[in-house]
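Each remark here refers to the structure printed beneath this line.
These figures come from a predicted structure and were not determined experimentally.
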Amino acid sequence: MSTTATTIRITERAARKVDEFHLRGDLDPTLAIRLDVVGGAASGIAYDLYFDQVDSDDQVFESQGLRIAIRPRHAPWLLGSTVDWVESDNGAGFQVLNPNVPPQ
């Protein structure tokens, strides 16, 4: 895996959705967006995205005024990724656009 990017970013659309959660009171504004790798092998990489406290060993990135935390062991797979919010006929949710893995 070769990655030249050294950051993780969030799109404006995804940041607006997080802001909506904050405005509704559904989310503690002190929490960061946690991005984890939770899969691999034949099925490809899967992600877990949730709101969490920042740990002392986390790598933390700022984008669109939000903090994104990753565990250092996940950096090789995640650096260069973008978190977006997508809506379709099948539903809506956060999506990780990762240049480190081929599309499936």
*asked:* With side chain to side chain contact (heavy atoms under 4.5 Å, CB included) as the criterion, how do Leu66 and His22 come out once you've worked through the C-alpha distance, each side chain's angles and the decisive distance to 0.1 Å?
replied: CA-CA 12 Å; Leu66 299 170; His22 286 142; 4.3 Å; yes
_I'd like to check the side-chain contact (heavy atoms from CB on, under 4.5 Å) partners of Thr30; sequence neighbours left out, ordered by chain and number._
Asp28, Gln53
*Which atom names give the shortest non-hydrogen contact between Tyr47 and Val38, and what distance separates them?*
C-CG2, 3.8 Å
*Out of curiosity, Ile70 CD1 to Ile33 CD1, how far, rounded to the nearest 0.5 Å?*
13.0 Å
*Between CG on residue Asp36 and CG on residue Leu49, distance to nearest 0.5 Å*: 9.0 Å
*Report the hydrophobic cluster partners of Val60, with the cluster defined as I, L, V, M, F, W, Y residues connected by side-chain heavy atoms closer than 4.5 angstrom, directly or transitively.*
Val54
_Heavy-atom closest contact (Gln59 atom, Pro72 atom, distance)_ = OE1-CA, 3.8 Å
*Qualifying residues under ring pair (Phe, Tyr, Trp, His ring centres under 6.0 Å), relative to Phe94, sequence neighbours excluded*: Trp85
*Taking only residues two or more places apart in sequence or in another chain, which ones pass side-chain hydrogen bond (donor to acceptor under 3.5 Å, both in side chains) with Gln95?*
none
*asked:* If I compare all heavy atoms of Val37 with all of Ile45, which pair ends up nearest, and what's the gap?
replied: CG1-CG2, 3.9 Å
_Listed once per pair and sorted, the salt bridge (charged side-chain N to carboxylate O under 4.0 Å, His left out) pairs that draw on residues 72-87, sequence neighbours left out_ = Arg13-Asp84
*Is there any salt bridge (charged side-chain N to carboxylate O under 4.0 Å, His left out) pair reaching into residues 54-70, and which pairs are they, with sequence neighbours excluded?*
Arg34-Asp55, Arg34-Asp58, Asp55-Arg71
*Find the distance between CG (Leu35) and CD1 (Ile8) and round it off to the nearest 0.5 Å.*
5.5 Å
*asked:* Is there a side-chain contact between Thr82 and Thr11 in this structure, where contact means two heavy atoms from C-beta onward sitting under 4.5 Å apart?
replied: yes
*asked:* For the CZ atom of Arg9 and the CG atom of Leu97, what is their distance to the nearest 0.5 Å?
replied: 8.5 Å
*What are the two closest heavy atoms between Leu78 and Ser81, and how far apart are they?*
O-OG, 2.8 Å
*Mind running side chain to side chain contact (heavy atoms under 4.5 Å, CB included) on Leu23 and Phe21 for me, showing each step along the way?*
CA-CA 6 Å; Leu23 290 173; Phe21 295 149; over 6 Å; no
*Can you name the side-chain contact (heavy atoms from CB on, under 4.5 Å) partners of Glu20, sequence neighbours left out?*
Lys17
